[in-house]
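Please read the structure below before turning to the comments.
The figures that follow rest on heavy atoms only: side chains count, while hydrogens, waters and symmetry mates do not.
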Amino acid sequence: MSRHFLRILDIPQQEMLPLIQRAQQLKAVRAQSHLLAGKTILLVFEKASTRTRLSFEMAVRELGGSTIFMTPMESQLGRSEPLKDSARVFSRYVHGLVVRTFGQEKLEELVEYGAIPVVNALTDSYHPCQVMSDLLTMYERTPALKDQVVAWIGDGNNMAHSWINAAAQVGFHLQMAVPAGYEPDAGLLEQARAAGARISLSQDPREAVTGADYVNTDVWASMGDEAEAEERARAFAGYLVDEELLRLANPGVKVMHCLPAHRGEEISEAVMEGPASIVWDQAENRLHMQKAILEWVFSTPERG
């Protein structure tokens, strides 16, 4: 039976830290291996990408495999063939799928009807590979992750959802500030809190940033939300992560952004380029965490 990575909750709690540590090891020596030798991974991207595509292509190559990149216009995914049919055909040709798409249900269908590992490279619901990379970036500075306070400032989007999952799995305190009407999924938040996650939710960025060790933000209008850009700009007024806001955080606070960034909107130029920014380490760590995730997916899981 194939192992899949569709959301952070797919990784058992006891395996989270070892996986992060493995990514750190891979980074330390820019390790390469033959794990995927003779294997081809199909990258199916319905959404444009820079870091995700490049990091996955490099990760597969450094693990000894090869990649094929495909957009909907280059396949039946953009036409009328049922996804379940494509899933079964993919399974006859390649050894794994890395998919960047809109609906999480598409990944679930690929898993249901396919017979090869599926990795979520982003959906409208989750962005698990990015947040796993962010956890690595935090771990490099503060290995006691459960003792950290992480602030999320902005939309209750796929990144926010994956941070909620991460809080449940790792144990850090997540302080979220989201405008009214843009809150994260209530059921997901309730599930995380029921599992013991320490998560606060308000509409005040100052409240969320107070006492934070890490401050995280994202664009206000994600891919697919561009038509709402003006409306969102009004709703998110006051959510700019700037030097004034950071004064409420703990000394030595670090700022994260998954990129691309809109300087002057969700994050100021001074913060983006300043000493608190660890944005470029986040971007680099996509490669190393992607390799660790692929190792985890293609290792043989123990079945009870």
Q.
Before you tell me yes or no, could you show the steps for Lys254 and Asp281 under salt bridge (Lys or Arg N to Asp or Glu O under 4.0 Å), namely the whole-Å CA-CA distance, both residues' side-chain angles and the distance that decides it to 0.1 Å?
A. CA-CA 11 Å; Lys254 299 301 180 184; Asp281 290 339; over 6 Å; no

Q.
Determine whether a donor-acceptor pair (N or O, by modelled atom type, separation under 3.5 Å) exists between the side chain of His257 and the backbone of Met272.
A. no

(Q) Using 0.5 Å steps for rounding, measure from the NE2 atom of His95 to the CG atom of Leu42. (A) 12.0 Å

**Q.** Spacing of CG belonging to Asp124 relative to CG belonging to Asn158, to within rounding of 0.5 Å
**A.** 6.5 Å

Q. Under the side-chain contact (heavy atoms from CB on, under 4.5 Å) criterion, do Gln282 and Leu259 qualify, and how do the steps go?
A. CA-CA 9 Å; Gln282 283 179 268; Leu259 300 178; over 6 Å; no

Q) Which residues pass the side-chain hydrogen bond (donor to acceptor under 3.5 Å, both in side chains) test with Glu15, sequence neighbours left out? A) Trp296

Q. Counting distance only, does the side-chain N/O of Asp85 pair as donor-acceptor with the main-chain N or O of Glu81 below 3.5 Å?
A. no

Q: Determine, for Lys291 against Glu295, whether the closest basic-nitrogen to carboxylate-oxygen distance falls under 4.0 angstrom.
A: no

Q) Sub-3.5 Å donor-acceptor pair from the side chain of Ser91 to the main-chain atoms of Ala115, do we have one? A) yes

(Q) Less than 6.0 angstrom separating the ring centers of Tyr214 and Phe172, yes or no? (A) no

Q: Locate the shortest heavy-atom distance separating Ser162 from Pro128; write the atom from each residue and the value.
A: OG-N, 3.4 Å

Q) Within the distance-only criterion (no hydrogens, no angle test), does the side chain of Ser55 pair as donor or acceptor with the backbone N or O of Thr52 below 3.5 angstrom? A) yes

(Q) Take a 6.0 Å sphere around CD of Gln25 and say whether it holds more than 12 heavy atoms from other residues, nucleotides or ligands. (A) yes

Q) What is the minimum heavy-atom distance between Val119 and Ile293, and which atoms define it? A) CG1-CG2, 4.5 Å

Q.
Please determine whether residues Leu54 and Leu122 belong to a single hydrophobic cluster, defined as Ile, Leu, Val, Met, Phe, Trp and Tyr linked transitively by side-chain heavy-atom distances below 4.5 Å.
A. no

Q. Would you say the side chains of Thr123 and Thr101 form a donor-acceptor pair under 3.5 Å?
A. no

**Q.** Gln203 versus Val178, closest heavy-atom pair with distance
**A.** CG-O, 3.4 Å

Q. Side chains of Ser202 and Gln175: does their closest heavy-atom pair fall under 4.5 Å?
A. no

Q: Might you work through the side-chain contact (heavy atoms from CB on, under 4.5 Å) test for Ile164 and Trp152, ending with a clear yes or no?
A: CA-CA 10 Å; Ile164 290 170; Trp152 174 261; over 6 Å; no

Q) Between Ala177 and Ala208, what is the shortest heavy-atom contact and its length? A) CB-CB, 3.6 Å

**Q.** Linked, directly or transitively: Ile153 and Leu248 (ILVMFWY side chains, under 4.5 Å)
**A.** yes

Q. Of the non-hydrogen atoms in Pro12 and Gln169, which two are nearest, and what is the gap between them?
A. C-NE2, 4.0 Å

(Q) To the nearest 0.5 Å, what is the distance between CG on Leu17 and OH on Tyr139? (A) 5.0 Å

Q: Determine, for Arg263 against Glu269, whether the closest basic-nitrogen to carboxylate-oxygen distance falls under 4.0 angstrom.
A: yes

Q.
To the closest 0.5 Å, what do you measure between CD (Gln290) and CZ (Phe5)?
A. 9.0 Å

Q: Please confirm whether the backbone N or O of Gly211 pairs with a side-chain atom of Asn250, one donor and one acceptor, at under 3.5 Å?
A: yes

Q | Met58 reachable from Leu26 in the ILVMFWY side-chain graph, under 4.5 Å edges | A | no

(Q) Between Val29 and Leu19, is there shared hydrophobic-cluster membership here, with clusters defined by ILVMFWY side-chain heavy atoms closer than 4.5 Å? (A) no

Q.
Suppose we screen for side-chain hydrogen bond (donor to acceptor under 3.5 Å, both in side chains). Which residues come up paired with Asn285, at least two apart in sequence or across chains?
A. Lys27, Thr137, Glu140

Q. Is it true that atom CZ of Arg88 has more than 12 heavy atoms of other residues, nucleotides or ligands lying nearer than 6.0 Å?
A. yes

**Q.** Straight-line distance of Arg206 CZ to Leu245 CG, nearest 0.5 Å
**A.** 9.0 Å

Q | Any donor-acceptor N/O pair, Gln148 side chain to Ala144 backbone, under 3.5 Å | A | yes

Q) Ignoring hydrogens and geometry, is there a side-chain-to-backbone donor-acceptor pair from Arg3 to Phe298 under 3.5 Å? A) no

Q: Kindly confirm or rule out a cation-pi arrangement of Arg53 over Phe69, judged by NZ or CZ under 6.0 Å from the six-membered ring centre and within 45° of its axis?
A: yes

Q.
Is there a side-chain contact (heavy atoms from CB on, under 4.5 Å) between Phe236 and Asp155? Walk through the geometry before answering.
A. CA-CA 8 Å; Phe236 286 81; Asp155 193 11; 3.8 Å; yes

Q.
If hydrophobic residues (ILVMFWY) are linked whenever their side-chain heavy atoms come closer than 4.5 Å, directly or via other members, who joins Tyr113 in its cluster?
A. none

Q: Evaluate the salt bridge (Lys or Arg N to Asp or Glu O under 4.0 Å) criterion for residues Arg247 and Glu243: first the C-alpha distance (whole Å), next the side-chain angles of each, then the deciding distance (0.1 Å), finally the verdict.
A: CA-CA 7 Å; Arg247 292 191 185 101; Glu243 291 175 301; 5.6 Å; no

(Q) Donor-acceptor check, side chain of His161 to backbone of Tyr126, threshold 3.5 angstrom: yes or no? (A) no

Q) If you round to the nearest 0.5 Å, how far is CD1 of Ile116 from NZ of Lys39? A) 12.0 Å

Q. So, for His4 and Val118, which heavy atoms are closest and what is the spacing to 0.1 Å?
A. ND1-N, 3.0 Å

Q) Same cluster or not: are Val170 and Leu136 linked, directly or through other Ile, Leu, Val, Met, Phe, Trp or Tyr residues, by side-chain heavy atoms under 4.5 angstrom apart? A) yes

